[in-house]
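Have a look at the structure below before the remarks.
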Amino acid sequence: MVKRLQQEVWALNRCSGCGVCVSACSKGVLHWGQEQHPLLEERQKALGLSHLKLKTCEPCQQFCEHSCPRLAEWTPMEPLSMASARSAGVVHSGAPNDVIQALLVAARSSELLDGVVMLDMDPWTLQPIARVVTTVDEIVSCVGTQYLWAPVLSSLNEAVFERGLTKLAVVGSPCVSEGARRLMNATHPRLGPYQKAIRVTISTFCTGVYLPTMVTELLEQGKGIAHQQIRSLSTSVSESTLTATLWDGTEHKIPLTEVEPFTRKGCASCDDYLGESADIAVGEVGARPGYATLIARTVAGEILVQEALRFGLLETVPEVDVKSLQAAKEEKDRRARAQAFDEFRVLMLDSLSDPAKRAQVRKQFVSLYGASQVPARKREECDVSCSGC
Ligand code: SF4
Ligand code: SF4
């Protein structure tokens, strides 16, 4: 049943929108609607004049729970190597997307990979789309993550079951790597095909992604930039700006404070900035000017880096400002904890009038304070009449 997702992830605004539960659902009853989390399909059966609501996800072996990264405890993977890197093929660039593209092109050329699940953007509508790409040309034509949200892992079934790919890379934000890692570590046999197919995950550093409505509401209506004019979007933590690069080469820089209201709710409680469950993480912070920081955390990650160096598609220098990385990581951690405590306070107030929320309060308390249980309070000490003890 999807109950744990509903109570512990969706109701608490913790859903990252990775999409892995939608792929893993054996009954295909999870789908995306207008909410910031998946929805459970509702079906009814007509019995005479009355309608009976069907339990669409029963019986089930809870594949969504086995795969959702928000229901797992994480141990960050330590870096095996770190460097400043830039692409060195046709384009010399330290943009994280170009560095990732160099890694993917080399790995596809040497048949280490047969496909990639990654983000692209429809150039006509500027809407983000998750794509399954299998050729070097397709990899090069993808613009990569533009910090606009789309559920990347919802495309996994196309890659694994429809196309039969067995040497897959998954590219996305840290939460996408966490979802893929849960599948890679899964013990449930039904999740075996994903486990066998996903070989490597690549993550960008991430402070949060924006809802696609940001394009119409902020860029078009607020700034007067028609979406047809925009070629790409990028964010810079050091400059605190979102840059919209137009097809004619001009750049519009927008302060992140104006963009932040469009951040997905689930990002507020996320503490993974450095893609700590990804084989490779790439981002702007900590790198030498004109380069991106490249962190390899596994042997598979290091192999991809070596391959790109061998093909001459990547250049690296052993220079990374580790203090900046640590500061950016801690900043996100602080933000996530502050948000979690704010939400906990709201939840406690709600639970005074809604007894159904008390179970959520207990779970949140345990996760925030690390206590094994909410301390029992003697009824005579209590000044609130809630009947919840
Ligand atoms: S975090 Fe991912 S797996 Fe969990 S509920 Fe949200 S979309 Fe589904
Ligand atoms: S901040 Fe980034 S990694 Fe975290 S949930 Fe949002 S998109 Fe995912």
Side-chain angles (χ1 to χ4, degrees), residues 16-28 30 32 38 60-69 71-72 74 77 100-101 103-120 129-139 142 144-145 150-204 275-282 296-308:
S16 71
C18 69
V20 68
C21 57
V22 176
S23 284
C25 173
S26 60
K27 300 189 167 205
L30 293 180
W32 292 99
C60 176
Q61 295 176 61
Q62 294 101 20
F63 301 117
C64 57
E65 286 183 20
H66 286 287
S67 57
C68 176
L71 293 177
W74 288 104
M77 291 196 288
I100 291 171
Q101 205 172 69
L103 294 165
L104 294 173
V105 167
R108 181 66 191 98
S109 303
S110 60
E111 308 234 335
L112 279 172
L113 299 175
D114 60 5
V116 184
V117 176
M118 65 189 296
L119 271 181
D120 197 8
I129 34 173
R131 285 183 66 192
V132 180
V133 293
T134 55
T135 65
V136 167
D137 284 352
E138 285 177 329
I139 291 169
C142 267
T145 176
V152 177
L153 292 171
S154 293
S155 299
L156 261 188
N157 288 350
E158 178 193 340
V160 177
F161 296 110
E162 290 175 30
R163 302 219 200 172
L165 301 173
T166 55
K167 293 182 280 185
L168 264 184
V170 172
V171 183
S173 46
C175 56
V176 170
S177 292
E178 286 170 6
R181 182 69 54 193
R182 264 215 98 179
L183 291 177
M184 291 160 93
N185 294 338
T187 51
H188 199 292
R190 164 69 174 73
L191 299 174
Y194 302 112
Q195 194 179 31
K196 286 186 192 134
I198 302 172
R199 305 292 177 170
V200 70
T201 64
I202 302 179
S203 165
T204 49
E276 293 178 277
S277 59
D279 295 280
I280 295 176
V282 183
R297 299 182 190 278
T298 63
V299 173
E302 287 208 314
I303 290 172
L304 253 64
V305 174
Q306 292 306 324
E307 222 28 27

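One is the number of the first residue; the rest follow in order along the sequence.
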With heavy-atom distances below 4.5 Å as the criterion, would you say the side chains of D279 and R181 are in contact? yes
Please check: side-chain N/O of R182 versus main-chain N/O of P69, any donor-acceptor pairing under 3.5 Å? no
Heavy atoms of T201 and S277 approach each other most closely as OG1-O, 4.0 Å
Taking all atoms of both residues into account, what is the closest heavy-atom pair of A130 and A150, and its distance? N-CB, 4.5 Å
Are the side chains of V305 and L103 in touch, meaning some heavy atoms are under 4.5 Å apart? yes
Pairing residues for S154 by the side chain to side chain donor-acceptor pair (under 3.5 Å) criterion, not counting sequence neighbours: W32
Evaluate the side-chain proximity of P174 to S203: yes if any heavy-atom separation is below 4.5 Å, no if none is. yes
Are any side-chain N or O atoms of R131 and backbone N or O atoms of V116, one a donor and one an acceptor, separated by less than 3.5 Å? no
Rounded to the nearest 0.5 angstrom, the CD1-SG distance for I129 and C142 is 7.5 Å
Rounded distance (nearest 0.5 Å) linking atom CE of M118 with atom CD1 of I139: 7.0 Å
Looking only at heavy atoms, the pair that brings V171 and V152 closest together is O-CG1, 3.8 Å
Can you see which heavy atom on L30 is nearest to which on C21, and at what distance? CD1-O, 3.7 Å
Can W74 and E178 be said to form a side-chain contact (heavy atoms from CB on, under 4.5 Å), step by step? CA-CA 9 Å; W74 288 104; E178 286 170 6; 3.6 Å; yes
Using a 3.5 Å distance criterion without hydrogens, assess whether the side chain of R163 forms a donor-acceptor pair with backbone atoms of V133. no
Applying side chain to side chain donor-acceptor pair (under 3.5 Å), can you list everything that pairs with S109, at least two apart in sequence or on another chain? none
Between the CD atom in Q306 and the CG atom in L112, the distance rounded to the nearest 0.5 Å is 12.0 Å
Using modelled atom types only, decide if a donor and an acceptor are shared between the side chain of E138 and the backbone of T135 within a distance under 3.5 Å. yes
So L183 and L156, do their side chains get closer than 4.5 Å, heavy atoms only? yes
Any side-chain to backbone donor/acceptor pair from Y194 onto A186? Under 3.5 Å, distance only. no
Using modelled atom types only, decide if a donor and an acceptor are shared between the side chain of T145 and the backbone of G172 within a distance under 3.5 Å. no
Atom NZ of K27: over 12 foreign heavy atoms under 6.0 Å: yes
Does the pair I198 and V117 meet the rule for a side-chain contact (heavy atoms from CB on, under 4.5 Å), with working shown? CA-CA 10 Å; I198 302 172; V117 176; over 6 Å; no
Could you tell me whether a side-chain N or O of R297 sits under 3.5 Å from a main-chain N or O of G275, the two making a donor and an acceptor? yes
Determine yes or no for a side-chain-to-main-chain donor-acceptor pair under 3.5 angstrom, with E65 supplying the side chain and L71 the backbone. no
So, taking the atom named OG1 in T298 and the one named CE in M184, what distance separates them when rounded to the nearest 0.5 Å? 7.5 Å
If you look at every heavy atom in V20 and S67, which pair is closest and at what distance? CG1-O, 3.5 Å
How far does CD1 of I280 sit from CD1 of I303, to the nearest 0.5 angstrom? 10.0 Å
What is the minimum heavy-atom distance between L191 and H66, and which atoms define it? CD1-CB, 3.8 Å
What's the separation between atom OG1 in T166 and atom CG in L113, rounded to the nearest 0.5 Å? 10.5 Å
Under 3.5 Å, side chain of D114 to main-chain N/O of K167, donor-acceptor pair present? yes
Could you check whether any side-chain N or O of R108 sits under 3.5 Å from a backbone N or O of T134, counting only pairs where one atom can act as donor and the other as acceptor? yes
